[in-house]
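Here's the structure we're looking at; comments come further down.
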Amino acid sequence: MDNDLDLYYSRIKEMTYFKEKEALREILLDVFKNITRQTHEMFDELEQRIEAEVKDSSEKYYVYTAVGKRENIDDLSKFLYEIAVVEEDSVIGETEDILSTIFLNLGYMEISKYLGKPLNAVIDTGSGSYEVNVLLSYSGKYLNKIKWLYEQFIANQKPWRTINCPYVYKFLDVTLVKNESIKLKKENITGIRFKDEKLNENIHNDMVLLWNIEEITEKVSSGTIAGVNEILYRTKIPINKESGYLAVKGEIERFYTIQSEEELIVNTEEKEINTIDLIRISNTGGEKDNTKFFLPIQTNKRKLSHLDKQADMYGGVNTQGEIERRLKTYEVYKLFNLEQIEVLEDLNIEKSKECIHTFDYNSFITSHTFLKPKRVLHIKFTAKDKEDILLYEKLSFLVSELQLYYREYRCVGELI
């Protein structure tokens with residue numbers, strides 16, 4: 001609007017006769033200024049209506065993850081919660097060989113060198129110490145929890161976005177080598193020490209993995225409504241309008257959900273519901289939390305322009321510019337530059353070892369191709385901070401997200 005007024009005033013200044021100039025200025029100020037203001041207001045209103053119609057389908061379902069020492073976790077947090085996993089008490093050497101779960105504060109490449117190789121260690125217990133051989137592997141309980149979350153998204157017909165949780169690949173299960181003959185209860189273990197000093201220096205046993213997901217159970221009552229060919233049971237649950245909600249797939253396998261600003265509606269064909277397990281994805285921001293994080297919070301949240309939202313709805317074209325546009329919607333991409341993309345017919349094992357620096361966050365998603373194997377989308381990046389301890393996990397997150405868009409290819413990333 002200010003530019004329009006400047007244009008009017010510039011025209012007035014070009015006039016030489018004072019009375020005409022004065023009359024024209026009054027007309028412009030009284031008439032055209034109001035018209036200009038009203039035009040801009042109507043345009044802004046139209047723009048807002050268009051933005052409201054083209055929404056980000058994942059707006060309330062973005063996941064934040066973090067890690068911190070147990071003593072520094074705020075138990076009253078309404079934003080980040082400890083990832084709930086089932087811990088089983090068992091007899092080591094009989095039914096379960098996992099001794100402990102540790103947090104190893106090393107980079108992805110360094111951790112990879114220790115995985116799957118026998119390591120000398122000492123188990124400390126209340127009754128003594130034992131020298132054993134152990135193996136390190138990514139913690140199955142956390143990886144299975146992310147797979148479980150994926151299954152809930154699919155059951156609720158919600159679009160799945162890769163969970164940006166680099167910390168899950170630093171939690172490692174310490175497993176007893178199969179031929180070790182030792183029997184002791186897991187709760188009797190007081191500590192594990194490795195012969196490798198670098199391991200000992202970077203191990204933390206008191207770490208807690210957090211995300212903005214709360215698992216809750218609600219008592220509810222259902223009513224019936226008429227479906228197309230059957231009677232449906234409808235359950236209405238009051239909700240916090242700022243959060244995203246999912247119904248947990250349990251005894252009831254077939255259902256669909258509708259979330260409005262005030263309530264979550266669950267429709268099922270099978271039976272009336274008395275209690276229901278829910279997932280609440282918090283978006284409160286955590287400004288009042290007192291949790292002290294060991295490493296910065298990570299998220300899969302996207303910052304979308306109108307063009308990005310349109311592309312989500314109607315798809316894009318397979319160009320380097322389109323791929324980079326998708327990557328730029330993620331905050332984590334600011335650490336990288338996209339340098340080159342190659343489409344390869346195949347990637348042999350030797351070349352994979354040399355140039356592939358990423359892994360698939362969504363390895364639990366199975367996609368089927370018919371007869372013809374997938375071509376390879378080989379994406380090359382440079383990093384702005386090569387000392388970032390989460391560098392390769394962040395890169396793998398970005399490539400895993402691209403894989404969801406380009407399922408006809410096998411997407412791999414290389415850091416050059």
Side-chain angles (χ1 to χ4, degrees), residues 65-69 83 97-123 131-143 146 162-177 191-210 293-298 332-337 347 349-363 378-400 411-416:
T65 62
V67 67
K69 294 186 176 182
I83 294 182
D97 293 336
I98 296 177
L99 304 172
S100 179
T101 300
I102 60 173
F103 180 87
L104 187 55
N105 190 34
L106 290 174
Y108 169 73
M109 290 299 187
E110 291 179 285
I111 290 177
S112 297
K113 295 175 184 177
Y114 292 107
L115 298 179
K117 298 178 181 179
L119 301 170
N120 295 324
V122 176
I123 302 174
E131 288 193 15
V132 294
N133 290 319
V134 299
L135 299 173
L136 297 181
S137 60
Y138 294 129
S139 180
K141 61 186 178 184
Y142 291 124
L143 294 176
I146 292 176
T162 306
I163 305 302
N164 182 15
C165 187
Y167 310 116
V168 77
Y169 299 99
K170 300 195 184 300
F171 281 91
L172 305 176
D173 287 337
V174 183
T175 308
L176 198 66
V177 172
I192 298 176
R193 293 174 286 120
F194 291 88
K195 296 293 180 69
D196 189 318
E197 286 302 320
K198 188 173 184 179
L199 273 177
N200 290 330
E201 291 170 2
N202 291 282
I203 285 176
H204 300 269
N205 294 307
D206 56 348
M207 288 296 183
V208 177
L209 190 56
L210 307 166
F293 303 113
F294 186 75
L295 291 168
I297 294 178
Q298 303 297 319
V332 70
Y333 179 67
K334 67 184 180 183
L335 301 174
F336 302 97
N337 289 316
L347 197 63
I349 296 174
E350 290 302 318
K351 189 171 183 180
S352 295
K353 291 179 180 178
E354 293 175 7
C355 65
I356 302 309
H357 299 144
T358 57
F359 55 91
D360 189 3
Y361 270 60
N362 301 311
S363 58
H378 184 196
I379 311 165
K380 298 180 181 180
F381 298 84
T382 53
K384 297 176 183 177
D385 180 11
K386 291 192 175 182
E387 301 302 316
D388 189 335
I389 199 170
L390 303 175
L391 181 66
Y392 290 97
E393 290 90 342
K394 291 176 179 178
L395 184 63
S396 295
F397 161 73
L398 291 171
V399 175
S400 297
C411 296
V412 296
E414 179 184 359
L415 206 55
I416 59 176

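Just so it is clear, the model here is predicted, and its values are computed rather than measured. Positions are given from 1, in the same order as the sequence printed here.
Partners of N337 according to the side-chain contact (heavy atoms from CB on, under 4.5 Å) rule, which considers only residues two or more places apart in sequence or in another chain, are E339, T382, K384.
Under the 30°/60° scheme for interplanar angles, the aromatic rings of Y138 and Y169 are found to stand perpendicular.
Judged by distance alone, the side chain of Y361 and the main-chain N or O of E393 form a donor-acceptor pair under 3.5 Å. In this structure, the side chain of T65 engages the main chain of N164 through a donor-acceptor pair within 3.5 Å. At least one donor-acceptor pair under 3.5 Å links the side chain of S396 to the backbone N or O of F359. Between the D173 side chain and the G140 main chain, a donor and an acceptor come within less than 3.5 Å of each other.
Annotation: side chain of K170 is not in contact with side chain of M207 (no heavy-atom distance under 4.5 Å). In this structure, L209 and F103 have side chains that are not in contact, with every pair of non-hydrogen atoms separated by 4.5 Å or more. Counting only heavy atoms from C-beta outward, the side chains of L415 and L391 approach each other to under 4.5 Å. Residues L136 and F194 are in side-chain contact: their nearest non-hydrogen atoms beyond the backbone lie under 4.5 Å apart. Between F336 and K394, the closest side-chain pair of non-hydrogen atoms falls below 4.5 Å. The side-chain heavy atoms of V122 and K195, taken from C-beta on, include a pair separated by under 4.5 Å. The shortest side-chain heavy-atom distance between L135 and V177 falls under the 4.5 Å cut-off. Side-chain contact between L119 and L199 is present, with at least one heavy-atom pair separated by less than 4.5 Å.
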Would you sort out whether N362 and S400 count as a side-chain hydrogen bond (donor to acceptor under 3.5 Å, both in side chains), showing the intermediate values? CA-CA 7 Å; N362 301 311; S400 297; 5.0 Å; no

- Is there a ring-ring contact (aromatic ring centres under 6.0 Å, His included) between Y167 and F294 once you walk through the steps? CA-CA 10 Å; Y167 310 116; F294 186 75; 8.9 Å; no

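Between L390 and L295, the shortest heavy-atom contact is CD2-CD1, 4.5 Å. The nearest pair of heavy atoms linking E110 to L106 is OE1-CD2, 4.0 Å. Closest heavy-atom contact between T175 and S137: OG1-OG, 4.3 Å. Here the closest heavy-atom approach between residue I192 and residue A121 is recorded as CG2-CB, 4.3 Å. Shown here for I297 and A66, the closest heavy-atom pair between the two residues is CG1-CB, 3.9 Å.
Rounding to the nearest 0.5 Å places NZ of K386 at 7.5 Å from OH of Y392. A distance of 11.0 Å separates CG in L172 from OH in Y114, rounded to the nearest 0.5 Å. Taking CG of N205 as the start and OG1 of T101 as the end, the distance is 9.5 Å to the nearest 0.5 Å. Between the NE2 atom in H378 and the CD atom in E414 there is a gap of 4.0 Å [rounded to 0.5 Å]. For the atom pair CZ (F171) and NZ (K141), the distance works out to 8.5 Å, reported to the nearest 0.5 Å. Separating the CG atom in D196 from the CG atom in N202 is a distance of 9.5 Å, to the nearest 0.5 Å.
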